[in-house]
Amino acid sequence: MMPNLSGRVKMPEQPPEIRARNFQEVPFGLTEELALREASRCLNCKNPLCRTGCPVAVKIPEFIQLIKQERYAAAARKIKETNALPAVCGRVCPQEVQCESKCVLGIKGEPVAIGYLERFCADYEREMGLTEIPEPAPPTGKKVAVIGSGPSGLTVAGDLIKLGHEVHIFEALHKPGGVLTYGIPEFRLPKKIVQAEVDNLIKQGVRLELDSVIGMVRTVDELIEEDGFDAVYIGVGAGLPTFMNIPGENLNNIYSANEYLTRANLMKAYMFPEYATPVERGKHVVVIGGGNVAMDSVRTALRLGAETSTIVYRRAREQLPARAEEVHHAEQEGVLFNLLTNPVRFIGDENGCVKGMECIKMELGEPDSSGRRKPVPISGSEFIIECDMVIVSIGTGANPVIFSSLEGVERNRWGYIIVNEETNETTKRNVYAGGDIVTGSATVIQAMGAGRIAAKAIHEKLQAMDRKK
Amino acid sequence: MRREYKIIEKYEVVPNVHKFVIRDPRIAKKVKAGQFVLVMANEKGERIPLTLSDWDPKEGTITLYVLELGVSTMELVSLSKGDSLYSLAGPLGHPAKVEKFGNVLLGGGCFGIGGIYPLAKAMKEAGNSVTVIIEARSNYLLYNREKLEGVANEFFTTTSDGSEGMRGHVQDKLQELVKDGRKFDHAYFMGCTFMLMQCARATMPHKIPTGVALNAIMLDGTGMCGCCRVTVGGHTKFVCVDGPEIDGHLVDWDELFIRKHIYREEEAVSYQSHACRSLTGYEREAKGGGEA
Ligand SMILES: Cc1cc2nc3c(=O)[nH]c(=O)nc-3n(C[C@H](O)[C@H](O)[C@H](O)COP(=O)(O)OP(=O)(O)OC[C@H]3O[C@@H](n4cnc5c(N)ncnc54)[C@H](O)[C@@H]3O)c2cc1C
Ligand SMILES: Cc1cc2nc3c(=O)[nH]c(=O)nc-3n(C[C@H](O)[C@H](O)[C@H](O)COP(=O)(O)OP(=O)(O)OC[C@H]3O[C@@H](n4cnc5c(N)ncnc54)[C@H](O)[C@@H]3O)c2cc1C
Ligand code: SF4
Ligand code: SF4
Ligand code: FES
């Protein structure tokens, strides 16, 4: 086949004016024809630079070659050699700064749509019922506790169950998936995909213990000393909301993004009253922040009926940390952007509900430690944005619940766990950690990569234990 | 693979208050006085907080008292013996502060009549002299008497209609005891927000250190969402992880009522007419008396 150097395919998607009012997934996925066309653009490089941009080094040219041969399920399996959740990553990875940023075609034109192709074959495999449940290895008699069922915990569980260890996942909430379930909205990541991945793990024998807040119902020490777990993996994420600490923050209708999205996604408040959990439906909603979480919140608010839904972010457009595609989608859907703007206080009405937010304009000054030009306030530029709902989405921190009863696991000054980077072992023997609770808020694929490293180290440790006997 | 949380026993103790005994050996083994659980009656339900009001580690059971209020408590109450709850997570929250204070005063209203029992027991075991006061609108709405009397050194009831004990509320009895020269070294109250505020205001002039079991609206119960935040002494606290016991003299009550959309007095009152419709008589009193 001739390499097709004509432009990158466009993903078919719901028109903005329609999708901005429903919770169905925005992009439809590539058709087979489009996938073949896109795959044909890949040069199958000898020295594939794209792989160096992927945190788990997915075998990108190899899987794309299989797509060219129309062997889609085989392509999915090729990806799964290093990435257990391709249907998820194909949708949510920030490809433009990872794999696709390194693709050689990007030098002169547009990079191969690696994310779209990844999604295509993973969806094909799942929808055609071709997912293979690996034969379990003979039982090793070793037991591992995984705390948290986010992407990093699921990866550890998947890797270790294949090797014959007994794996229990302890999850605080009533549904598994971590941020994939409670944070990222249905219109970006349908929950049935997450559920299918979890179901596969359960079919392989992973035991999922929901409603289990470790630190409260059991402690890590009890898991090891009383319940006989040989190793523990902590993948509890970064579940502590940060607030602005400015006047008026406890007014009604000021939500943390965590609360807003949890109500909307986990509790399905968008289907209220069929689902009993309510969420306020603001008419003029302001979201503070510029990351994926802010984009998800601002777009959710539109879908819940907002007339205006506005991002307020203190830096400039180029500095928005969200995935490019999400920013683009948000713009198409009519989200307003108030950039280089920072809130100073909230203003309440006589009923204690927020009715406005005073902001100050910012300008870019000298680069800061992260190399980004630092926003500095322009004095005298204060103005008021009228709104009836605010969602604070300025980042998260380390949730302390698990640590109330956890001795010997050292943490850095932000509260995140310190690990040995080769093994992801913590300062406590046989206790490992990874994902957002180590790095602070990062990405799905990084959390999975951390899980993979820990799973390998745990397996080696467990084998060594046997040899000692 | 859902866990099973079987309802072993369930009945209406007094009108509108239902006692549940549920099997959950993990929680029964771990719980301490003052902690709570988050419960979902079914998959589409809300996650609602309920106080762990008793437990039996040998039997592996816990006891909850549910005051039927709105949709979620109604759905819970519609479950029967033998059914399983959809979700039950706990124990959550800090255990209440229990130490040898000396003379301890405990007050309970609505579900707090059930909920203070573990406190009374723990305070007693810690070597305190325990005085318990409970309140309801009328005598037929008082419950848990025998259990509370069994652990308390002193036990009083109050009713809005005077049908049993003193006519009035917990804070009225409290005032009377203090006037009689009684000294208390620590107080703890559990019940609806209005009662908590009244009681905390009553102990303030006498400088009795006071804990209140705040019932903020919750979602995850693990400090992840911030929806239960309250201002305490000028600082934001999350009731689910920093509480539920909060220093009653430092709570910003006005804000707490605002956060429940009930800033003005009438709203506070009409809220109470929901929260305690069968148990106390604030709403009627505040609206100028008269029996319903
Ligand atoms: C709204 C939102 C949108 C995002 N969008 C993207 C995106 O587009 N692309 C991308 O790559 N990344 C995105 N991210 C970031 C990404 O989701 C996270 O980096 C990733 O989920 C971290 O995975 P994790 O496994 O470390 O933790 P999490 O996914 O946070 O999962 C942790 C799990 O542990 C459970 N837990 C916590 N404490 C306990 C305890 N004590 N006991 C038992 N269980 C516990 C939690 O309930 C949770 O289920 C987004 C994040 C959010 C919040
Ligand atoms: C730590 C804690 C322990 C609790 N223990 C118990 C208990 O042991 N037994 C018990 O019956 N209840 C207890 N509650 C209160 C209980 O959680 C609420 O009554 C319940 O969530 C109401 O749900 P609903 O859907 O039935 O009512 P809704 O329809 O949600 O509410 C009905 C009315 O009650 C108000 N309301 C809603 N949520 C709360 C709340 N959390 N507290 C007070 N008022 C509220 C609403 O504004 C509305 O006016 C506790 C609350 C907390 C925070
Ligand atoms: S996992 Fe993410 S970064 Fe890696 S190839 Fe797939 S889409 Fe790209
Ligand atoms: S760098 Fe681009 S063209 Fe080369 S193998 Fe990777 S995806 Fe294909
Ligand atoms: S209930 Fe979410 S932080 Fe307390």
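Only heavy atoms go into these numbers, but all of them, side chains included; no hydrogens, no water, no symmetry mates. By convention in this document, chain letters (A, B, ...) are assigned in the order of the sequence lines, proteins followed by strands, and residues within each chain are numbered from 1.
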Asker: Side chain, backbone, both or neither: which part of A:Tyr260 has a heavy atom under 4.5 Å from chain B?
Answerer: neither
Asker: Output yes when A:Glu222 and B:Lys29 qualify as a salt bridge under the 4.0 Å nitrogen-oxygen rule, no when they do not.
Answerer: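 No.
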Asker: Within the supplied structure, the quantity of interest is the number of heavy atoms (other residues, nucleotides, ligands) at a distance under 6.0 Å from A:Glu274 CD; does it exceed 12?
Answerer: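 Yes - once you tally the heavy atoms of other residues, nucleotides and ligands closer than 6.0 Å, there are more than 12.
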Asker: Compare every heavy atom of A:His174 with every heavy atom of B:Ser87, then report the nearest pair and how far apart it is.
Answerer: OG-CB, 3.6 Å
Asker: So which part of B:Lys44 gets closer than 4.5 Å to some heavy atom of chain A, the side chain, the backbone, both or neither?
Answerer: both
Asker: Does a sphere of radius 6.0 Å around NZ in A:Lys191 hold more than 12 heavy atoms from other residues, nucleotides or ligands, not counting ones at 6.0 Å or beyond?
Answerer: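 Yes - once you tally the heavy atoms of other residues, nucleotides and ligands closer than 6.0 Å, there are more than 12.
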Asker: Which heavy-atom pair separates A:Met216 from B:Gly93 by the least distance, and what is that distance?
Answerer: CE-O, 3.4 Å
Asker: Could you tell me which portion of A:Ser212 (side chain, backbone, both or neither) has an atom closer than 4.5 angstrom to a non-hydrogen atom of chain B?
Answerer: both
Asker: Of the listed residues (B:Leu88, B:Ile48, B:Val241, B:Val230), which shares the most heavy-atom pairs with chain A below a 4.5 Å separation?
Answerer: B:Leu88
Asker: Look at the side chain of A:Asn258 and the backbone N and O of B:Met224, then say whether any donor-acceptor pair between them is shorter than 3.5 Å.
Answerer: yes
Asker: If I measure from the heavy atoms of chain A, does B:Leu219 come under 4.5 Å with its side chain, its backbone, both, or neither?
Answerer: side chain
Asker: Quick one: which of B:Gly45, B:Gly226, B:Pro91 has the most heavy-atom pairs under 4.5 Å with chain A, could you say?
Answerer: B:Pro91
Asker: Taking side chain as everything from C-beta outward and backbone as N, CA, C, O, which of these in B:Arg229 sits under 4.5 Å from a heavy atom of chain A? Side chain, backbone, both or neither.
Answerer: side chain
Asker: Return the minimal non-hydrogen interatomic distance between B:Glu43 and A:Tyr275, and the atom names on each side.
Answerer: O-CE2, 4.0 Å
Asker: Let me confirm one number: the CG-OH distance from A:Asp211 to B:Tyr86, rounded to the nearest 0.5 Å.
Answerer: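 Atom-to-atom, A:Asp211:CG and B:Tyr86:OH are 8.5 Å apart.
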Asker: If you count heavy atoms of other groups shown closer than 6.0 angstrom to NE2 of B:His94, is the number above 12?
Answerer: no
Asker: Name the one of A:Thr277, A:Leu173, A:Thr262 that satisfies side chain to side chain contact (heavy atoms under 4.5 Å, CB included) with B:Arg47?
Answerer: A:Leu173
Asker: Check B:Glu46 against A:Pro278 and note the closest heavy-atom contact, atom names and distance.
Answerer: OE2-CD, 3.7 Å
Asker: Say whether, by atom type as modelled, one donor and one acceptor occur between the side chain of A:Asn399 and the main chain of B:Thr222 under 3.5 angstrom.
Answerer: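 Pair found, side chain donor or acceptor close to backbone of B:Thr222.
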Asker: Does any heavy atom of chain B fall under 4.5 Å from the side chain of A:Ile254, the backbone, both, or neither of them?
Answerer: both
Asker: Is B:Gln35 close to chain A through its backbone or its side chain, or both, or neither, when contacts mean heavy atoms under 4.5 Å?
Answerer: side chain
Asker: Just so I understand: if I count every heavy-atom pair under 4.5 Å between each of B:Val31, B:Asp252, B:Asp220, B:Leu92 and chain A, which residue has the most?
Answerer: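 Option with the greatest count: B:Leu92.
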Asker: Looking only at heavy atoms, what is the nearest atom pair of A:Thr219 and B:Lys30, with distance?
Answerer: CG2-NZ, 4.0 Å
Asker: What are the two closest non-hydrogen atoms of A:Glu259 and B:Cys225, and how far apart are they?
Answerer: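 Result for this residue pair: CB-O, 3.5 Å.
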Asker: Side chain from CB out, backbone as N, CA, C, O: work out which of these in A:Val213 comes under 4.5 Å of a heavy atom of chain B, or both, or neither.
Answerer: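 Contact with chain B: side chain only.
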